[in-house]
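Single-structure report; data block below.
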Amino acid sequence: MNRLWIRLLLQLAAVALVAAVAGLLLGTKPAIWCAIVLVCAMLFYQVRQIGLLLRFMARPEPDALPHGFGIWEEVYYRLNGVMRRLQRETQQAQLEHARFIQAIQASPNGVVMLDRSDYIEWCNSVAEQHFRLDNHRDQLQKIQHLVRQPVFIEYLSGGDFHDPIVMRDMGARGQTMLSVQLIPYGEGRKLLASQDITQIEKTETTRRDFVANVSHELKTPLTVLAGFLETVRDLPLSEEDRQRYIETMHSQAMRMQSLVDDLLTLAKLEGNTAPPEDKIMPMGLTMERLRADAKALSGGRHRIQMECDADWDLAGSEVELMSVFGNLVSNAVRYTPDGGTIKLSWHGPVPGQEGFTANFSVQDSGIGISAEHLPRLTERFYRVDRGRSRSTGGTGLGLSIAKHVLSRHNATLDVQSEIGKGSTFTARFQPSRVRLKTQRPVATA
Ligand code: ADP
């Protein structure tokens with residue numbers, strides 16, 4: 001027998017006892033009335049407690065739990081336990097829900113939760129940006145009323161969500177490319193997941209362009225070479241013609257060689273995250289060597305001038321920096337018509353002067369470059385005049401290599417140019433990269 005029945009029987013036993021005592025003292029009739037009154041009082045109390053319980057159930061607040069005696073004390077005690085447990089479970093569920101929302105908010109991908117009829121239930125802030133939604137404003141709106149690109153509408157209505165689709169011109173500025181996938185879950189619900197693939201796509205386009213460029217650059221000399229080889233093999237040629245053809249083949253082979261060399265240099269630089277070696281380059285000697293190179297390349301067709309602050313030396317990888325300086329000199333010679341002037345200069349950092357950098361520059365009075373080309377000069381294979389670059393032995397990779405080498409040396413490449421008047425290419429080095437002849441590092445301004 002459980003405790004409730006025992007309590008009830010005890011109460012009835014107490015009534016019987018009081019009635020028995022009243023019977024002994026006052027007689028049978030008063031005893032019966034006494035028992036009736038007590039049982040009625042018990043019943044009244046029970047009904048009143050049921051009323052209180054029903055009122056409480058209508059608005060179950062833990063602090064509003066009624067009090068009672070006997071059986072009701074036990075009932076309220078148990079009810080209080082159940083309520084506390086439910087309260088704890090609700091708090092725990094709320095906490096988990098908040099954590100879940102936080103995790104989805106932290107995701108770099110967009111997430112939109114759709115109900116069975118494609119109404120928006122909730123979306124994270126990345127999805128708000130991707131699809132230009134507002135989580136509060138757009139809840140309970142149909143997704144196809146807000147994301148209206150035909151490619152998406154077709155995808156949504158098609159019902160085949162195996163593969164993602166690509167959506168262009170998305171995001172706040174309409175410049176984002178998204179990979180979008182619908183993922184069915186639960187009972188007919190869907191998750192709309194979006195990933196920003198603008199950068200991936202850009203990298204992929206650059207890679208494709210690069211492969212196409214390399215193939216194209218190699219194809220031209222290879223075709224010429226193959227053609228001449230056939231001629232030399234198949235036709236009876238005079239010794240003079242044969243010599244001429246072999247010269248042409250040699251120059252095409254050299255062109256391929258320099259292209260492959262530049263490609264290897266670029267690949268090495270791009271894959272190399274280690275800092276360059278810190279060797280001291282004596283700039284007096286370096287500038288003399290560059291002047292001699294310029295003279296040899298020019299073959300007397302240009303006036304070559306030089307200005308050198310020989311007290312200042314440069315710290316870095318001599319091989320890499322010489323290749324950059326040599327490329328700037330060779331470009332100046334190649335893009336300056338005969339009779340022009342080329343000036344090489346090296347200046348240490350001057351406190352108070354703009355940027356406080358040590359500058360290596362090559363100034364020419366050549367063909368110049370119009371402003372729209374300047375920002376793209378360091379892109380791989382970017383040339384202003386393809387024909388001129390090729391005919392003078394250019395690979396279109398020199399300035400790209402220069403940019404990488406200089407950035408490895410915390411330096412920048414600055415280009416000033418005016419069409420028809422000439423160009424000045426300046427490599428600007430931080431003071432920490434230069435040494436006075438005493439080899440002490442220079443304090444920054
Ligand atoms: P290239 O091997 O074609 O010279 P670079 O990367 O060295 O390749 O230069 C890229 C392009 O920048 C060149 O094709 C040319 O159009 C332009 N350029 C570079 N230097 C000069 C210069 N001193 N004067 C005019 N144009 C230049």
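Counting starts at 1 for both ligands and their atoms, following the listed order.
Residue contacts with ligand 1 for Tyr382 involve N, CA, C or O but no side-chain atom from C-beta outward (heavy atoms, distance under 4.0 Å). The proximity of Arg334 to ligand 1, defined as any non-hydrogen pair under 4.0 Å, is limited to the side chain. At a heavy-atom distance under 4.0 Å, only side-chain atoms of Ile369, from C-beta outward, approach ligand 1. Counting heavy atoms closer than 4.0 Å to ligand 1, residue Val362 contributes nothing at all.
Residues passing the salt bridge (charged side-chain N to carboxylate O under 4.0 Å, His left out) test with Lys279: none are found, sequence neighbours excluded.
The protein non-hydrogen atom at the shortest distance from atom 8 (O) of ligand 1 is Gly396 CA, 3.2 Å. Protein heavy atom at the shortest distance from atom 24 (N) of ligand 1 is Tyr335 CB, 3.3 Å. Here the protein heavy atom with the shortest distance to atom 12 (O) of ligand 1 is Leu377 CD2, 3.4 Å. Of the protein's non-hydrogen atoms, Leu399 N, 3.7 Å is the one closest to atom 5 (P) of ligand 1. Nearest to atom 16 (O) of ligand 1 among the protein's heavy atoms is Val384 N, 3.0 Å.
Interface atoms of ligand 1 facing Asp364, defined by a heavy-atom separation under 4.0 Å, are 22 (C), 23 (N). Against a heavy-atom cut-off of under 4.0 Å, Phe425 is close to the following atoms of ligand 1: 19 (C), 20 (N), 21 (C), 22 (C), 23 (N). Against a heavy-atom cut-off of under 4.0 Å, Asn327 is close to the following atoms of ligand 1: 7 (O).
Of the options Ser370, Gly394, Ser330, Ser389, the smallest heavy-atom separation from atom 3 (O) of ligand 1 is shown by Ser389. Here atom 20 (N) of ligand 1 lies nearest to Asn331 when heavy atoms of Asn331, Leu374, Val329, Thr395 are compared.
A side-chain N or O of Gln49 and one of Tyr76 form a donor-acceptor pair less than 3.5 Å apart. Between the side chains of Thr357 and Gln430, no donor-acceptor pair is found at a separation under 3.5 Å. Side chain to side chain, Thr395 and Asp262 meet the donor-acceptor criterion of an N or O pair below 3.5 Å.
Using a cutoff of 4.0 Å between basic side-chain nitrogens and carboxylate oxygens, Glu288 and Lys295 are not scored as salt-bridged. One finds no salt bridge joining Glu247 and Arg242 here, because no Lys/Arg side-chain nitrogen approaches an Asp/Glu carboxylate oxygen to under 4.0 Å. In summary, Arg380 and Glu270 engage in a salt bridge, as defined by a charged side-chain N under 4.0 Å from a carboxylate O.
The environment of CZ in Arg55 is sparse: at most 12 heavy-atom neighbours from other residues, nucleotides or ligands sit within 6.0 Å.
For an aromatic pair to be called close, the ring centres must be under 6.0 Å apart, and Phe325 with Phe360 satisfies this.
Glu121 pairs in a salt bridge (Lys or Arg N to Asp or Glu O under 4.0 Å) with only one of the listed residues (Lys190, Arg189, Lys142), which is Arg189.
At a 4.0 Å cut-off, at least one heavy atom of Ser423 sits close enough to ligand 1 to count as contact.
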